[in-house]
Undergrad: 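Next up is a structure, given as structure tokens.
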Amino acid sequence: MTSGPRLAPKRRIVPRQGSAAAGASPAESLDDGSVRIRTRKLTKRYGDLVAVDHLDLEIHSGEIFGLLGQNGAGKTTTILMLLGLTEPSDGEAWVVGLDPARHPLEVKRRVGYMPDSVGFYSDLTGRENLRYTARLNRIPDELAETTIDEVLDQVGLTERADDLTDTYSRGMLQRLGIADALVKDPDVLILDEPTTAIDPLGVTEVLLLLRRLVEERGLAVLLSSHLLNQVQSVCDRIGIFASGRLIGNGTIAQLAERFGDGAAHIEAGFEFENAADAERAPGLLRAIDGVEDVKSGPRPGDPWLVTVRPPSAGGAVRQAILSVAAAEGLRLVSMRPIVPSLEEIYRSAVARSTGETTGAVH
């Protein structure tokens, strides 16, 4: 899969019926031009089961928002409500300024969607499947052909575009699914488990493609996944979903501060010229305001772990370490803040939410 050319500037190719919020009440209009998805107390019940519980969420243009949770957490149900494919039991949602329950067709024209299980007509080629999507969205034929060539190149399927899709691998079908979502030149891209069954190199290229789409077209991307490393690598903000509730929402740093151990951690590496320097260094570091503890690494020469409380003092402590090292003649060779992994954050968030220890996402 090639990385493809730089993406063309954002253009509007879908005919509009009036303004973006045509037929919408003033309450449905966006008060911030960057907001593409907004929900307020969005709820979905199936009998006694609450699949989505009072969801408050905002997703902006120019960002990738990751919806992270176990299978059955409520991610797909949320997406179905945003697309107008199922109606909420309570609460409200707006997508590109429209209520999807009242304006589902207009929302679908302006949102590119790739479900977790991609399906195409197997007796048609990849290009023919995209032409079918273009016709459904009333895209003029000449513009459709140009757009199809672009998106096929962007997802690395140009050479296989005229082969029947029943000859495609699962990974190729996933890439065709992204191309299909892009054909209508959407304002919002919603991807449900977009890297399923793709090899590691293909995963990296798909995630890089999503980043380019956001940066060069200003798309808002909602990426639903249970794969923590992929979410952490590409998403600007992350929402942690558990049992239908959004229990955490923010950047990795914000989530780490909320669900961490209440401390910041800094890794500092030194090269000591003599044993005396090695012995006095811990005391010098512990004397820095905000430093709670200093621990040596498991092996001689390993970096030390400096614990800082409160976490907000981490920046000042790093600066102080530099100053102390210079003033005391200590050779500081490395220093970096230690950010908890998304897996650690997720485990902590779900454990606090349920009051019990949880296993890893599966």
Undergrad: Sequence neighbours left out, what passes salt bridge (Lys or Arg N to Asp or Glu O under 4.0 Å) with E87? Give chain and number order.
TA: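 Listed in chain order: nothing, the list is empty.
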Undergrad: Using modelled atom types only, decide if a donor and an acceptor are shared between the side chain of K75 and the backbone of G69 within a distance under 3.5 Å.
TA: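 Pair found, side chain donor or acceptor close to backbone of G69.
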Undergrad: For L223 and P194, work out which heavy atoms get closest and say how close.
TA: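 That would be CG-CG, 4.0 Å.
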Undergrad: Any link between V339 and W304 through a network of hydrophobic side chains (Ile, Leu, Val, Met, Phe, Trp, Tyr) touching at under 4.5 Å?
TA: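 Hydrophobic grouping puts V339 apart from W304.
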Undergrad: Using modelled atom types only, decide if a donor and an acceptor are shared between the side chain of E216 and the backbone of L213 within a distance under 3.5 Å.
TA: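 Not confirmed, E216 side chain does not pair with L213 backbone.
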Undergrad: Would you indicate whether D141, at its atom CG, is surrounded by more than 12 heavy atoms from other residues, nucleotides or ligands within a distance under 6.0 Å?
TA: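 No - once you tally the heavy atoms of other residues, nucleotides and ligands closer than 6.0 Å, there are 12 at most.
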Undergrad: Are the side chains of T43 and V52 in contact, using a 4.5 Å heavy-atom criterion?
TA: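 Answer no - side chains too far apart.
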Undergrad: What closest approach, in Å, do L173 and T165 show between heavy atoms, and which atom pair accounts for it?
TA: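 Nearest pair, atom of L173 first, then T165: CD2-O, 4.0 Å.
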Undergrad: Listed by chain and number, what are the salt bridge (Lys or Arg N to Asp or Glu O under 4.0 Å) partners of R336, not counting sequence neighbours?
TA: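 Scan of R336 (salt bridge (Lys or Arg N to Asp or Glu O under 4.0 Å), adjacent residues dropped) gives E267.
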Undergrad: Could you pull out all residues at least two apart from N249 that satisfy side-chain contact (heavy atoms from CB on, under 4.5 Å)?
TA: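 N249 satisfies side-chain contact (heavy atoms from CB on, under 4.5 Å) with L57, F65, R237, L246 once adjacent residues are dropped.
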Undergrad: Taking NZ, NE, NH1 and NH2 as the nitrogens, is one of them in R131 or E145 under 4.0 Å from a carboxylate oxygen of the other?
TA: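 Yes.
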Undergrad: Is the side chain of S225 donor-acceptor paired with the backbone N or O of V231 at a distance under 3.5 Å, no angle test?
TA: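 Answer holds: no.
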Undergrad: Is there a side-chain contact between V188 and I37 (heavy atoms, below 4.5 Å)?
TA: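 When only atoms from C-beta onward are counted, I37 and V188 do touch, with a gap below 4.5 Å.
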Undergrad: Is any side-chain N of the basic residue among R109 and E106 closer than 4.0 Å to the acidic one's carboxylate O?
TA: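 E106 and R109: salt-bridged.
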Undergrad: Look up atom OG1 in T133 and atom CD1 in I148, then write down how far apart they are to the nearest 0.5 Å.
TA: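 T133 OG1 to I148 CD1: 8.0 Å, rounded to 0.5 Å.
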Undergrad: Applying side chain to side chain contact (heavy atoms under 4.5 Å, CB included) to R217 and R212, what does each step give before you reach the verdict?
TA: CA-CA 8 Å; R217 292 192 179 190; R212 290 208 319 276; over 6 Å; no
Undergrad: Side chains of S89 and K44: does their closest heavy-atom pair fall under 4.5 Å?
TA: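 Side chain of S89 against side chain of K44, heavy atoms only: contact under 4.5 Å found.
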Undergrad: I'd like to know if L332 and V291 are part of one continuous hydrophobic network [Ile/Leu/Val/Met/Phe/Trp/Tyr, side-chain heavy atoms within less than 4.5 Å].
TA: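 V291 clusters together with L332.
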Undergrad: Could you grab the distance from atom CD of Q174 to atom OG of S169, nearest 0.5 Å is fine?
TA: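 If I round to the nearest 0.5 Å, the distance is 9.5 Å.
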Undergrad: Quick one: do L322 and V333 end up in the same hydrophobic cluster if we chain Ile, Leu, Val, Met, Phe, Trp and Tyr together by side-chain heavy atoms under 4.5 Å apart?
TA: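 They do not share one cluster, since no chain of ILVMFWY contacts under 4.5 Å joins L322 to V333.
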Undergrad: Rounded to the nearest 0.5 Å, what separates atom CZ in R110 from atom NE2 in H103?
TA: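 NE2 of H103 is found 11.5 Å from CZ of R110.
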Undergrad: Could you go through D149 and R127, starting from their C-alpha distance and side-chain angles, then the distance that decides it, and tell me whether this counts as salt bridge (Lys or Arg N to Asp or Glu O under 4.0 Å)?
TA: CA-CA 8 Å; D149 285 341; R127 189 185 305 275; 2.7 Å; yes
Undergrad: Provide the closest heavy-atom pair for Q230 versus S233 in the form atom of the first, atom of the second, distance.
TA: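 Heavy atoms only, the tightest pair is O-OG, 2.9 Å.
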Undergrad: Pick from L228, L255, L227: which one makes a side-chain contact (heavy atoms from CB on, under 4.5 Å) with L68?
TA: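 Running side-chain contact (heavy atoms from CB on, under 4.5 Å) over L228, L255, L227 with L68 returns exactly one hit, L228.
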Undergrad: What do the steps show when you test I190 against L83 for side chain to side chain contact (heavy atoms under 4.5 Å, CB included), and what is the final call?
TA: CA-CA 9 Å; I190 297 179; L83 293 170; 4.2 Å; yes
Undergrad: Donor-acceptor pair, D302 side chain versus R299 backbone, under 3.5 Å?
TA: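 Looks like yes, one N/O pair under 3.5 Å.
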Undergrad: I'd like to check E92 versus D99 (side-chain heavy atoms, cut-off strictly below 4.5 Å). Are they in contact?
TA: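 No. Closest side-chain heavy atoms not under 4.5 Å.
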Undergrad: In Å and rounded to the nearest 0.5 Å, what is the CG to CG distance from L130 to L124?
TA: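 That separation rounds to 10.5 Å.
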Undergrad: Would you say the side-chain atoms of D261 pair up with the backbone N or O of A263, donor to acceptor, closer than 3.5 Å?
TA: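 It does hold such a pair.
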Undergrad: For the hydrophobic clusters of this structure (ILVMFWY residues joined by side-chain heavy atoms under 4.5 Å, transitively), does one cluster hold both V294 and L305?
TA: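 Shared cluster, no.
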Undergrad: Given side chain to side chain contact (heavy atoms under 4.5 Å, CB included), test I238 with I252 step by step and report yes or no.
TA: CA-CA 7 Å; I238 296 167; I252 288 286; 3.5 Å; yes
Undergrad: Can L207 be reached from V151 by stepping across I, L, V, M, F, W or Y side chains whose heavy atoms are under 4.5 Å apart?
TA: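 As far as the 4.5 Å side-chain criterion goes, L207 and V151 are connected within one cluster.
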Undergrad: Should R160 and T125 be marked as a side chain to side chain donor-acceptor pair (under 3.5 Å) after you check the CA-CA gap, both sets of side-chain angles, and the distance that decides it?
TA: CA-CA 9 Å; R160 296 294 304 275; T125 68; over 6 Å; no
Undergrad: Rounded to the nearest 0.5 Å, how far apart are CD1 of I288 and CD of E292?
TA: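 So the gap between those two atoms works out to 14.0 Å.
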Undergrad: Does any part of the side chain of Y113, heavy atoms only, come nearer than 4.5 Å to the side chain of L191, both counted from C-beta?
TA: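 Answer no - side chains too far apart.
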Undergrad: Under a 4.5 Å cut-off applied to non-hydrogen side-chain atoms, are R40 and W94 in contact?
TA: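 The answer is yes, as the side chains (C-beta and beyond) meet within the 4.5 Å cut-off.
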Undergrad: Quick one: closest heavy-atom pair of R245 and S353, and the distance?
TA: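 Heavy-atom minimum between the residues: NH2-OG, 2.8 Å.
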Undergrad: Sorted by first residue and then second, give each side chain to side chain donor-acceptor pair (under 3.5 Å) pair with at least one member in residues 272-282; sequence neighbours left out.
TA: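 For residues 272-282: E273-R331, D277-R280, R280-E328.
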Undergrad: Decide, yes or no, whether a salt bridge links R211 with D236 under the criterion of side-chain N to carboxylate O below 4.0 Å.
TA: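 Yes.
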Undergrad: Apply side chain to side chain contact (heavy atoms under 4.5 Å, CB included) to I240 and I345, showing your working.
TA: CA-CA 9 Å; I240 299 176; I345 294 169; 4.1 Å; yes
Undergrad: In Å and rounded to the nearest 0.5 Å, what is the CG to CG distance from D56 to L42?
TA: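 Between atom CG of D56 and atom CG of L42 there are 9.0 Å.
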Undergrad: Ring-plane angle category for Y121 and Y132, please: parallel below 30°, perpendicular beyond 60°, tilted otherwise.
TA: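 Rings of Y121 and Y132: perpendicular, as their planes differ by over 60°.
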Undergrad: So which heavy atom on A73 is nearest to which on F241, and how close?
TA: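 A73 and F241 have their closest heavy atoms at O-CD2, 3.4 Å.
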Undergrad: Between the main-chain N or O of L85 and the side-chain N or O of K108, is there a donor-acceptor pair closer than 3.5 Å?
TA: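 Such a contact is absent between K108 side chain and L85 backbone.
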Undergrad: Are any side-chain N or O atoms of T167 and backbone N or O atoms of L164, one a donor and one an acceptor, separated by less than 3.5 Å?
TA: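 Yes; judged by distance alone, with no hydrogens or angles, the pair exists.
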Undergrad: Verify, without hydrogens or angle tests, whether S348 (side chain) and F259 (backbone) share a donor-acceptor contact under 3.5 angstrom.
TA: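 Between the backbone of F259 and the side chain of S348 there is a qualifying donor-acceptor contact (under 3.5 Å).
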Undergrad: Taking salt bridge (Lys or Arg N to Asp or Glu O under 4.0 Å) as the test, write out the residues that go with E128, two or more places apart.
TA: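 If we apply the salt bridge (Lys or Arg N to Asp or Glu O under 4.0 Å) test to E128, skipping adjacent residues, there are no hits.
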Undergrad: Taking the side chain as every heavy atom from C-beta outward, state whether V111 and D187 have any pair of such atoms under 4.5 Å apart.
TA: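 When only atoms from C-beta onward are counted, D187 and V111 do not touch, as no gap falls below 4.5 Å.
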Undergrad: Which donor-acceptor pairs under 3.5 Å do side chains of residues 310-319 form with protein atoms, sequence neighbours excluded?
TA:
none

Undergrad: Please determine, by modelled atom types, if Q70 and H226 share a side-chain donor-acceptor pair under 3.5 angstrom.
TA: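 No pair is found: no donor N or O on one side chain lies under 3.5 Å from an acceptor on the other.
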Undergrad: Kindly indicate whether the side chain of Q154, heavy atoms from C-beta on, has any atom under 4.5 Å from the side chain of L182.
TA: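 Yes, close enough: below the 4.5 Å cut-off.
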Undergrad: Looking only at heavy atoms, which two atoms of V107 and L82 are closest? And how far apart?
TA: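 Where V107 meets L82 most closely, the heavy atoms are CG1-O, 3.7 Å.
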